Amino acid sequence: ALTVACVLSISADDFRAVMQRHPVVALAVLDDLAHRLEQSRQRVTHLSAGTVDQRVAAALLRLVDVVGEPQGSAILLQLPLTRADLGSMSGTTTESASRVMSRLRQDGVIESGRRWTSVLDVERLRALARG
């Protein structure tokens, strides 16, 4: 986790019992698993076929979807995202992730500070991720 989190757990047996008693829960779990499987497939495709720029852009977009906070026309990622974290998320080196972030900053796509990144132009970032 990149931020403070509260984690709850339930035993496998108890979770199975909940799903058996509440089919709506079982269907929601299946929907979530299908969504996660599709996301994993897309990540494998990006990691195997995408350029470093595409992979870093895709990693930033995943963060936008998960923790992004709208701030006018920009989207704020208020988390301690290091270049090493971003490199790990995009299957590249810290140095390569840093170069891509510098280009994105120069092109006006992002701004970043010590513990935050702001995506100023989501559409340009999406276009970059698509290639």
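For this chain, numbers begin at 1 and follow the sequence in order. Owing to the predicted nature of the structure, the values given are computational and were not obtained by experimental measurement.
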Student: Can you confirm whether Leu81 sits close enough to Leu60 that some side-chain heavy atom of one is under 4.5 Å from a side-chain heavy atom of the other?
Tutor: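 SC-SC contact between Leu81 and Leu60 confirmed.
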Student: Measure the spacing between CG of Leu63 and CE of Met89 and express it to the nearest 0.5 Å.
Tutor: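 One finds 3.5 Å between CG of Leu63 and CE of Met89.
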Student: Hey, does Val56 have a side-chain heavy atom less than 4.5 Å from the side chain of Val52?
Tutor: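 Val52 vs Val56: side chains touch.
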Student: Whether the side chain of Ser98 engages the backbone of Thr94 through a donor-acceptor N/O pair (distance < 3.5 Å, no angle test) should be reported.
Tutor: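 It does not hold such a pair.
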Student: So, does Ser40 use its side chain to make a donor-acceptor pair with the main chain of Arg36 at under 3.5 Å?
Tutor: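 Yes; judged by distance alone, with no hydrogens or angles, the pair exists.
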Student: Would you say Arg16 has more than 12 foreign heavy atoms packed within less than 6.0 Å of its CZ?
Tutor: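 Atom CZ in Arg16 is not packed in, count stays at 12 or less.
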Student: Output side-chain donor-acceptor pairs under 3.5 Å for residues 64-80, partner residues at least two apart or in another chain, one line each.
Tutor:
none

Student: Starting from the C-alpha separation in whole Å, work towards a yes-or-no answer on side-chain hydrogen bond (donor to acceptor under 3.5 Å, both in side chains) for Thr82 and Asp85.
Tutor: CA-CA 5 Å; Thr82 67; Asp85 293 333; 3.1 Å; yes
Student: I'd like to check the salt bridge (Lys or Arg N to Asp or Glu O under 4.0 Å) partners of Arg105; sequence neighbours left out, ordered by chain and number.
Tutor: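 Applying salt bridge (Lys or Arg N to Asp or Glu O under 4.0 Å) to Arg105 gives none.
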Student: Any heavy-atom pair between the side chains of Arg83 and Ser112 that's under 4.5 Å?
Tutor: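 Yes; the side chains approach each other to less than 4.5 Å.
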Student: Measuring from Leu125:CG to Asp53:CG, what's the distance to the nearest 0.5 Å?
Tutor: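 So the gap between those two atoms works out to 10.5 Å.
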Student: So if you build clusters from Ile, Leu, Val, Met, Phe, Trp, Tyr with side-chain heavy-atom gaps below 4.5 Å, do Ile10 and Val29 land together?
Tutor: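 Cluster IDs for Ile10 and Val29 match.
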Student: Look at the side chain of Arg124 and the backbone N and O of Val109, then say whether any donor-acceptor pair between them is shorter than 3.5 Å.
Tutor: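 Pair absent, no side-chain N/O of Arg124 close to backbone of Val109.
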Student: Which value, rounded to the nearest 0.5 Å, describes the distance between Leu86 atom CG and Thr92 atom OG1?
Tutor: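 Interatomic distance, Leu86 CG to Thr92 OG1, rounded to 0.5 Å: 9.0 Å.
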Student: Do Val119 and Trp116 sit in the same hydrophobic cluster, where Ile, Leu, Val, Met, Phe, Trp and Tyr count as joined when their side-chain heavy atoms come under 4.5 Å apart?
Tutor: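 No: no chain of side-chain contacts under 4.5 Å links Val119 to Trp116.
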Student: Where do Ser90 and Ala59 come nearest, in terms of heavy atoms and distance?
Tutor: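 Looking at all heavy atoms of both residues, the closest pair is CB-CB, 4.3 Å.
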Student: What's the verdict on side-chain hydrogen bond (donor to acceptor under 3.5 Å, both in side chains) for Ser96 and Arg99, showing C-alpha distance, side-chain angles and the deciding distance?
Tutor: CA-CA 5 Å; Ser96 292; Arg99 281 191 293 274; 3.1 Å; yes
Student: Hey, what do you get for CE (Met19) to CG (Asp14), rounding to the nearest 0.5 Å?
Tutor: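 Those atoms lie 11.5 Å apart.
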Student: Heavy atoms, side chains only, cut-off 4.5 Å: are Val100 and Leu104 in contact?
Tutor: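 Val100 vs Leu104: side chains touch.
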Student: Under the rule for salt bridge (Lys or Arg N to Asp or Glu O under 4.0 Å), what residues qualify as partners of Arg126, not counting sequence neighbours?
Tutor: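 With sequence neighbours excluded, Arg126 shows a salt bridge (Lys or Arg N to Asp or Glu O under 4.0 Å) to Glu123, given in chain and number order.
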